[in-house]
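Dumping the structure here so I can ask a few things about it.
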Amino acid sequence: MDTHQILKQYWGFDQYRPLQEEIIQSVLQGNDTLALLPTGGGKSICYQVPAVALPGICVVVSPLIALMKDQVGNLRKRGIKAIGIVSGMTKREIDSSLDSCIYGDVKLLYLSPERLNSELVKERIKHMNVSFLAVDEAHCISQWGYDFRPSYLRIAELREILPKIPVLALTATATKEVVIDIKQKLAFKTDVVFQKSFERKNLAYVVLNVEDKLNKMVEIASKIKGTGIVYVRNRRETQEVAKFLMRSKVTADYYHAGLDPTTRSKKQDKWMNGTIQVMVATNAFGMGIDKPDVRFVVHLEPPDSLEAYYQEAGRAGRDEQKSYAVMLVDNGDPEVLDRKNEQAYPAVEEINTTYKALCNYLQVAVGAGDEQTFEVDLGNFCTTFKLNVITVLKCFHFLERDELLSFSESVWLPSRIKVLVNNQDLYAFQVKFEQYDAILKTILRSYGGVFDAFIKIDENLLAKRMGITKNELLSALQRLDQLQIISYVPQNDKPTVTFLQPRVAENSIQINKSYLAERKRTYANQIKFVKQYAFTSITCRSNLLLSYFGEIKSDHCEVCDVCLEFAKTQVSTTEMTLIKKELEDILASRRLTVKEISAVTTSITKHKMLKAIQYLMDEGTLQNDEEGRLSYISK
């Protein structure tokens with residue numbers, strides 16, 4: 001089938017977005033391909049369409065469990081068979097899912113990178129008819145990337161297993177250094193890179209240094225017509241800020257990854273259809289949600305990296321209409337960013353202590369636990385062993401790096417069942433044990449495919465249909481599971497830890513100290529660029545972001561707060577750039593008065609020079625002493 005027909009039949013689109021078709025054709029031609037598309041550029045189409053077009057199955061590696069679940073659900077609704085293997089699934093579920101990929105007509109298999117550590121998964125992939133490998137969020141494979149995931153390095157092993165299979169790597173954000181690293185780590189055989197400009201001409205980037213962020217946020221939401229997103233640091237703040245907006249007569253709701261799918265879906269729908277104006281969220285919100293008419297995105301605090309900021313801010317204005325990306329800062333934020341850098345990297349002793357405490361908490365003996373998954377009540381764990389939850393989460397990250405375990409924050413998984421016996425044996429069981437006949441018949445009538453795969457169920461609905469209490473139903477399901485007639489997996493919404501190898505003895509843990517130091521340096525560098533963006537008002541915001549990603553533009557956006565301030569001086573941004581360069585040269589080794597500067601400058605009229613000097617003094621680039629002599633302060 002032609003790829004345009006596939007696009008129309010399954011997604012309802014008449015044409016591709018820029019670069020999508022070229023990327024798809026490259027994959028169909030068997031090329032290793034890197035696609036750099038900004039947030040909202042339609043990356044998933046680039047591997048989903050060729051997955052349908054090609055015989056066999058596409059293996060998709062993605063670190064975003066919530067997004068994987070959403071994509072699998074959306075593909076199934078479109079009639080495309082897809083399977084996701086995520087944390088919280090039982091070994092039996094995983095085994096059944098992998099069998100379906102080998103013997104069934106599944107088109108896409110989504111895996112978290114941690115799963116590539118499993119010999120079971122790698123062995124089963126050998127027996128699949130794999131069409132190509134798609135690596136989403138490919139920047140995670142680079143040690144220079146803002147969100148480096150050590151487990152991504154395992155992808156190279158898949159290339160060894162599937163030497164003739166092309167790879168498509170996709171990301172929305174990558175510096176030149178990261179691009180080189182991605183191609184190297186994924187062992188590209190062909191150097192095919194498609195990159196759309198990072199420039200967003202319709203998006204006005206604004207940084208406001210204010211004392212009262214909450215009231216400024218309300219002012220923005222009240223002035224700008226249309227829906228918006230407000231990003232905050234943690235789950236607690238989502239509720240508090242949403243309540244503040246509601247008290248200020250702005251319709252709002254909150255969102256974070258800990259909400260169950262039904263609640264998340266209801267909140268998304270209200271925001272998508274405009275019932276509420278503002279969604280207050282952690283960075284979990286926005287992935288896979290394609291709302292083109294978001295008019296503003298507000299960050300209440302500076303993010304950890306410009307890559308993260310670009311992705312989150314870029315969720316505004318996907319319809320190419322005028323929109324705003326606003327970062328609210330105050331004078332205390334630089335210190336907060338520096339403190340985060342210190343807290344992000346625990347000491348080796350803290351990592352060892354956390355690992356030992358976790359094993360004891362889960363009652364995992366030395367030599368045991370290999371590939372087992374456990375639910376973890378983080379609050380109870382930290383209280384029991386008197387540990388700081390932030391430090392624990394950071395320690396988990398480095399235990400992942402050394403492949404001792406993988407950690408998944410709470411992702412809600414519904415209850416699932418699968419019938420383990422064949423039709424004849426099930427009938428014989430129903431005849432022999434009449435007390436289970438009604439429940440088994442209700443399950444078979446309510447859900448199709450329970451003999452072939454794990455199917456999600458609603459216990460409340462089943463109990464209602466049978467006219468019994470939910471507790472009575474749960475008791476029957478658990479008994480049928482014990483009798484191995486069905487496999488019943490209750491719903492789960494707690495964080496999980498999976499041991500990637502048997503528990504290591506305390507004196508045998510080897511934490512890579514040089515890796516710790518390298519990551520700390522990389523993170524400090526990312527923070528430096530965030531501070532430069534947020535606390536420097538002399539460079540066009542758009543150009544600063546573009547230059548960070550290696551894209552140089554000579555003209556300015558003319559719509560960011562910096563460009564608009566320059567416009568007030570009646571000096572263009574181009575003229576201001578020339579003036580700053582000339583002043584920096586003139587004042588490099590001496591101090592001069594305004595009159596003396598005007599006498600020696602040649603690049604601009606005296607009137608504009610005076611306007612520019614006043615502006616630069618206001619923002620602190622120029623400082624004068626008691627005698628009125630100016631010095632240039634580099635930023």
Side-chain angles (χ1 to χ4, degrees), residues 3-4 7 11 13-29 31-50 62 67 134-142 145-147 167-183 186 188 190-205 286-294 297 305-323 325 540-557 559-560:
T3 60
H4 285 273
L7 185 70
W11 284 273
F13 300 139
D14 292 314
Q15 59 185 17
Y16 288 105
R17 294 181 185 178
L19 291 185
Q20 282 182 330
E21 187 170 11
E22 293 89 333
I23 294 165
I24 289 168
Q25 288 304 317
S26 180
V27 173
L28 295 177
Q29 291 163 14
N31 296 321
D32 288 339
T33 306
L34 173 58
L36 292 96
L37 296 177
T39 299
K43 294 190 295 297
S44 58
I45 288 287
C46 295
Y47 60 83
Q48 290 172 351
V49 167
S62 172
L67 184 56
V135 181
D136 203 5
E137 307 296 331
H139 58 269
C140 294
I141 202 171
S142 173
Y146 77 101
D147 195 20
V167 62
L168 170 62
L170 308 106
T171 181
T173 50
T175 62
K176 284 184 176 180
E177 196 172 33
V178 171
V179 167
I180 293 169
D181 212 20
I182 290 171
K183 291 187 290 185
L186 290 175
F188 266 42
T190 52
D191 190 6
V192 181
V193 179
F194 293 95
Q195 180 170 353
K196 188 179 177 184
S197 171
F198 286 100
E199 185 177 19
R200 295 289 306 278
K201 292 184 178 180
N202 66 305
L203 194 55
Y205 293 103
M287 297 177 294
I289 300 172
D290 191 8
K291 184 171 173 58
D293 59 344
V294 177
V297 171
S305 70
L306 289 185
E307 288 96 333
Y309 182 68
Y310 179 81
Q311 285 209 35
E312 292 159 15
R315 291 178 179 129
R318 293 184 181 181
D319 57 2
E320 302 300 322
Q321 301 301 307
K322 180 67 178 292
S323 304
C540 167
R541 306 282 183 202
S542 178
N543 280 3
L544 199 154
L545 281 173
L546 291 173
S547 65
Y548 181 76
F549 293 114
E551 190 175 334
I552 306 301
K553 281 185 67 68
S554 56
D555 54 337
H556 300 77
C557 75
V559 293
C560 72

Worksheet item: Should C46 and T33 be marked as a side chain to side chain contact (heavy atoms under 4.5 Å, CB included) after you check the CA-CA gap, both sets of side-chain angles, and the distance that decides it?
Response: CA-CA 11 Å; C46 295; T33 306; over 6 Å; no
Worksheet, complete the sentence: Heavy-atom nearest pair, A35 first then L168, reads CB-CD1, 4.4 Å
Practice prompt. Return the minimal non-hydrogen interatomic distance between V297 and A316, and the atom names on each side.
Written response: CG2-CB, 3.7 Å
Item to complete: Evaluate the side chain to side chain contact (heavy atoms under 4.5 Å, CB included) criterion for residues I182 and L34: first the C-alpha distance (whole Å), next the side-chain angles of each, then the deciding distance (0.1 Å), finally the verdict.
Response: CA-CA 8 Å; I182 290 171; L34 173 58; 4.2 Å; yes
Worksheet item: Hey, what do you get for NZ (K43) to CG (L170), rounding to the nearest 0.5 Å?
Response: 7.5 Å
Fill in: Contact summary for P50 and I45, nearest pair of heavy atoms
CD-O, 3.8 Å
Worksheet item: Hey, is K183 close enough to D191 for a salt bridge, meaning N to O under 4.0 Å?
Response: yes
Practice prompt. Give, for atom NZ of K176 and atom CD of Q195, the distance between the pair rounded to the nearest 0.5 Å.
Written response: 9.0 Å
Discussion item. Do D32 and L186 have side chains that approach each other closer than 4.5 Å (heavy atoms only, starting at C-beta)?
Written reply: no
Worksheet item: Sub-3.5 Å donor-acceptor pair from the side chain of D319 to the main-chain atoms of Q321, do we have one?
Response: yes
Discussion item. Test your reading of the model: is there a side-chain donor-acceptor pair from R200 to the backbone of G314, 3.5 Å cut-off?
Written reply: yes
Discussion item. Over 60° means perpendicular and under 30° means parallel, so tell me whether F198 and F549 are parallel, tilted or perpendicular.
Written reply: parallel
Worksheet entry | Shortest non-hydrogen separation from A325 to A313 and the atoms involved | CB-CB, 3.7 Å
Worksheet item: So, does Q20 use its side chain to make a donor-acceptor pair with the main chain of G42 at under 3.5 Å?
Response: yes
Discussion item. I need the R318 CZ to L203 CG distance, nearest 0.5 Å.
Written reply: 11.5 Å
Practice prompt. Report yes if some heavy atom in the side chain of Y16 is under 4.5 Å from a heavy atom in the side chain of V49; otherwise report no.
Written response: yes
Response to the item:
Heavy-atom closest pair (T175 atom, E307 atom, distance to 0.1 Å) is CG2-OE2, 4.1 Å
Worksheet item: Does the side chain of Y309 come within less than 4.5 Å of Y548's, by heavy atoms?
Response: no
Discussion item. Using only atom types and a distance under 3.5 Å, with no angle test, would you say the side chain of N31 pairs donor to acceptor with the backbone of V192?
Written reply: no
Worksheet entry | Y205 vs L544, side chain to side chain contact (heavy atoms under 4.5 Å, CB included): CA-CA, chis, key distance, verdict | CA-CA 11 Å; Y205 293 103; L544 199 154; over 6 Å; no
Discussion item. Any donor-acceptor pair under 3.5 Å linking the side-chain atoms of T3 with those of E21?
Written reply: no
Worksheet item: Given side chains that start at C-beta, do those of L37 and I23 come closer than 4.5 Å, heavy atoms only?
Response: yes
Worksheet item: Minimum heavy-atom separation for Y310 to A172, with atom names?
Response: CE2-O, 4.1 Å
Worksheet item: So how far is it from E551 CD to K196 NZ, rounded to the nearest 0.5 Å?
Response: 11.5 Å
Worksheet entry | Euclidean distance, I180 CD1 relative to S142 OG, rounded to 0.5 Å | 10.0 Å
Worksheet item: Thinking salt bridges, do K291 and D293 make one under a 4.0 Å N-O criterion?
Response: yes
Discussion item. I'd like to check L545 versus L306 (side-chain heavy atoms, cut-off strictly below 4.5 Å). Are they in contact?
Written reply: yes
Worksheet item: Do L36 and V193 have side chains that get closer than 4.5 Å, going by heavy atoms?
Response: yes
Worksheet item: So, S547 side chain and N543 main chain: donor-acceptor pair closer than 3.5 Å or not?
Response: yes
Fill in: Test item: Q311 and T173 side chains (from C-beta on) under 4.5 Å apart, heavy atoms
yes
Discussion item. Whether the side chain of R541 engages the backbone of C557 through a donor-acceptor N/O pair (distance < 3.5 Å, no angle test) should be reported.
Written reply: no
